[in-house]
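See below for the structure under consideration.
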Amino acid sequence: KVSADDPRMAGVHDHFRRNLKDIVRLGAAHGACVLLCPPAHNIRNCGPFASVHDPRLSAEDLSRWNQWYEQGKAVGATNEDLALDFFNKAEALDSRHADLAFRQGIIHANLKHQDQARQYLERARDLDALRFRPDRQINAIHRELAAAHAADNVRLVDTEAAVAQGSTNGLPGWEMLYDHVHCTFAGNYVLAMAMATNIDSSLPPRLKAISETALPWLSQEECARRIAYTSFDQYQITDTMWGRMKHAPFTQQSDWNRNVGHLQDELTALKPQIKPWALKKSAEIHRQAVEHAPEDWNLLASHARLLQYAGNITNAIFQWRETLRLAPCHPQAHCNLGMLLAGENDYEEALFHLQTALELCPEF
């Protein structure tokens with residue numbers, strides 16, 4: 001646990017600034033346009049992973065703080081105004097507790113006090129003693145360096161604003177991110193568009209002329225079709241995230257039950273997408289995507305994974321072989337092909353692929 005006022009944080013921020021500055025200088029020295037993208041992150045549906053008290057808090061004040069805090073928690077579900085009153089009394093004693101700030105922020109969000117909600121939710125992020133999200137200073141450094149090196153063709157991509165714009169009441173949450181930093185498909189599309197439009201506007205005149213006559217940007221739906229992102233894939237990703245949420249450090253969050261319940265509801269809604277008729281539909285979308293881009297090994301691997309899940313072993317083996325033809329060092333392809341071949345009693349080739357997978361990725 002590292003508190004927000006830990007003296008070591010100054011060194012962390014200084015190292016980050018120096019490292020990012022080196023990247024900027026290197027890009028500029030080679031004539032590249034450098035895009036600085038402050039990491040998008042969840043503040044509305046991601047409670048702090050750990051909280052610490054002000055070390056100067058007396059035992060008597062800590063006891064009173066706990067009293068106000070527990071009373072606020074007890075009435076929060078039925079009387080948010082009263083809960084906020086209790087939490088504000090606790091804040092007057094100790095304002096450094098991350099989960100207290102988070103609970104205050106959530107109540108303000110529920111009461112449509114958007115400015116106060118953002119203030120408290122961002123404070124909760126900055127006070128989080130397990131630092132899995134970028135704090136205010138990390139993202140400020142991006143802005144600082146972009147402004148200082150604007151003459152060197154360094155640009156800020158305001159990814160924070162882009163994600164906030166796509167979120168409920170401008171507070172980044174489930175719409176854009178599954179957990180603290182991992183984006184949903186919608187979140188990834190928003191970030192990609194923010195970067196792509198910046199790249200487009202920074203092209204040299206020769207390429208800019210071509211870009212201006214090009215087709216419009218692909219929609220989110222068309223992007224999904226091109227990369228064969230189907231309901232099956234959404235189910236698989238949601239299932240993976242749900243599995244992660246069931247373990248620490250997520251189980252330490254005060255809103256864990258709500259977050260894991262949200263993913264469970266998503267899984268339930270997506271469950272029909274793993275039925276045979278839905279898998280057949282998804283497989284056709286994958287087939288069309290592969291036909292459109294036959295040399296894209298990512299598409300081939302995705303198609304092979306779907307066929308394997310659906311029990312179409314013969315075609316899955318073929319697709320994994322095709323994947324390895326284009327990406328011979330793909331450990332998961334070797335692993336999956338090896339397991340499928342073993343199931344078909346082709347032990348000699350299975351052993352080769354499984355051993356290769358271990359050589360490429362020893363933790364398999």
Side-chain angles (χ1 to χ4, degrees), residues 32 35 37 178 182-189 191-193 195-196 199-200 203 207 210-211 214-215 217-241 273-274 276 278-364:
L35 303 182
C37 308
Y178 284 106
H182 294 104
C183 287
T184 62
F185 191 83
N188 277 318
Y189 179 81
L191 293 179
M193 278 297 298
M195 295 176 199
I199 293 169
D200 184 52
L203 292 173
L207 295 178
I210 299 172
S211 172
L215 295 172
W217 294 108
L218 296 182
S219 66
Q220 182 177 318
E221 293 73 21
E222 179 62 14
C223 284
R225 190 183 70 80
R226 294 282 187 96
I227 67 170
Y229 178 77
T230 66
S231 298
F232 165 76
D233 302 287
Q234 188 178 352
Y235 176 87
Q236 293 257 290
I237 292 170
T238 305
D239 188 46
T240 298
M241 297 308 300
Q273 302 305 321
I274 58 174
L279 291 174
K280 186 176 180 180
K281 182 179 178 181
S282 291
E284 177 59 20
I285 295 173
H286 278 77
R287 188 195 64 76
Q288 291 175 6
V290 169
E291 192 175 79
H292 185 267
E295 298 299 299
D296 187 335
W297 62 264
N298 277 297
L299 284 176
L300 289 168
S302 181
H303 192 198
R305 194 176 299 112
L306 171 58
L307 292 169
Q308 182 174 341
Y309 186 91
N312 190 341
I313 303 304
T314 300
N315 284 333
I317 288 174
F318 175 79
Q319 291 295 341
W320 283 124
R321 290 193 194 280
E322 285 294 286
T323 301
L324 288 172
R325 177 178 64 82
L326 296 170
C329 293
H330 191 316
Q332 191 67 59
H334 281 290
C335 181
N336 287 13
L337 180 56
M339 291 191 292
L340 290 177
L341 290 170
E344 297 294 295
N345 300 325
D346 189 346
Y347 299 121
E348 184 176 353
E349 190 181 354
L351 185 61
F352 165 77
H353 286 291
L354 293 172
Q355 286 177 332
T356 303
L358 284 172
E359 290 170 7
L360 292 168
C361 194
E363 63 266 28
F364 269 26

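Fair warning: this is a prediction, and the values are worked out from it, not measured in the lab.
Among residue pairs with one or both ends in residues 231-241, those qualifying as side-chain hydrogen bond (donor to acceptor under 3.5 Å, both in side chains) are Thr230-Asp233; sequence neighbours excluded. Counting only residues at least two apart or on different chains, the salt bridge (Lys or Arg N to Asp or Glu O under 4.0 Å) pairs with a member in residues 289-314 are Arg287-Glu291, Glu295-Arg325.
Side-chain contact check for Asn188 versus Tyr229: every heavy-atom pair is 4.5 Å or farther apart. Side-chain atoms of Glu322 and Val290, non-hydrogen and from C-beta on, never get closer than 4.5 Å to each other.
With sequence neighbours excluded, the residues that form a ring pair (Phe, Tyr, Trp, His ring centres under 6.0 Å) with Phe232 are Tyr309. Every residue meeting the side-chain contact (heavy atoms from CB on, under 4.5 Å) condition with Leu218, not counting sequence neighbours, appears here in chain and number order: Glu222, Cys223, Arg226. With sequence neighbours excluded, no residue forms a side-chain hydrogen bond (donor to acceptor under 3.5 Å, both in side chains) with Thr323. Leu354 meets the side-chain contact (heavy atoms from CB on, under 4.5 Å) test with Met339; sequence neighbours excluded.
Minimum interatomic distance between Ala357 and Phe364 (heavy atoms only, all atoms of both residues): CB-CD2, 4.2 Å. Residues Ala301 and His330 share a closest heavy-atom pair of CB-NE2, 4.1 Å. Cys361 and Pro331 make their closest contact through CB-CB, 3.8 Å (heavy atoms, listed as atom of the first residue, atom of the second, distance). Taking every heavy atom of both residues into account, Leu326 and Pro294 meet most closely at CD1-O, 3.8 Å. Residues Ala289 and Leu299 share a closest heavy-atom pair of O-CD1, 3.5 Å.
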### Task
Could you walk me through whether His353 and Leu324 pass side-chain contact (heavy atoms from CB on, under 4.5 Å), step by step?
CA-CA 10 Å; His353 286 291; Leu324 288 172; 3.9 Å; yes
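Between Glu284 and Gln288, the side chains place a donor N or O and an acceptor N or O closer than 3.5 Å (distance only, hydrogens not considered).
Between the side chain of His334 and the backbone N or O of Pro328, at least one donor-acceptor pair lies under 3.5 Å.
Within the model, atoms OG of Ser282 and NE2 of His303 stand 10.0 Å from one another, a figure rounded to the nearest 0.5 Å. Remark: Gln319 CD to Leu340 CG distance equals 12.0 Å, nearest 0.5 Å. Atoms CG and OG1, on Leu351 and Thr356 in that order, are 9.0 Å from each other to the nearest 0.5 Å. Between Leu341 atom CG and Glu349 atom CD the span is 5.0 Å, to the nearest 0.5 Å. If you take CG on Asn315 and CD1 on Ile317, they are separated by 9.5 Å, rounding to the nearest 0.5 Å. To the nearest 0.5 angstrom, Gln308 atom CD is 9.0 Å from Leu337 atom CG.
Taking a 6.0 Å sphere around CZ of Phe185, one finds it holds more than 12 heavy atoms contributed by other residues, nucleotides or ligands.
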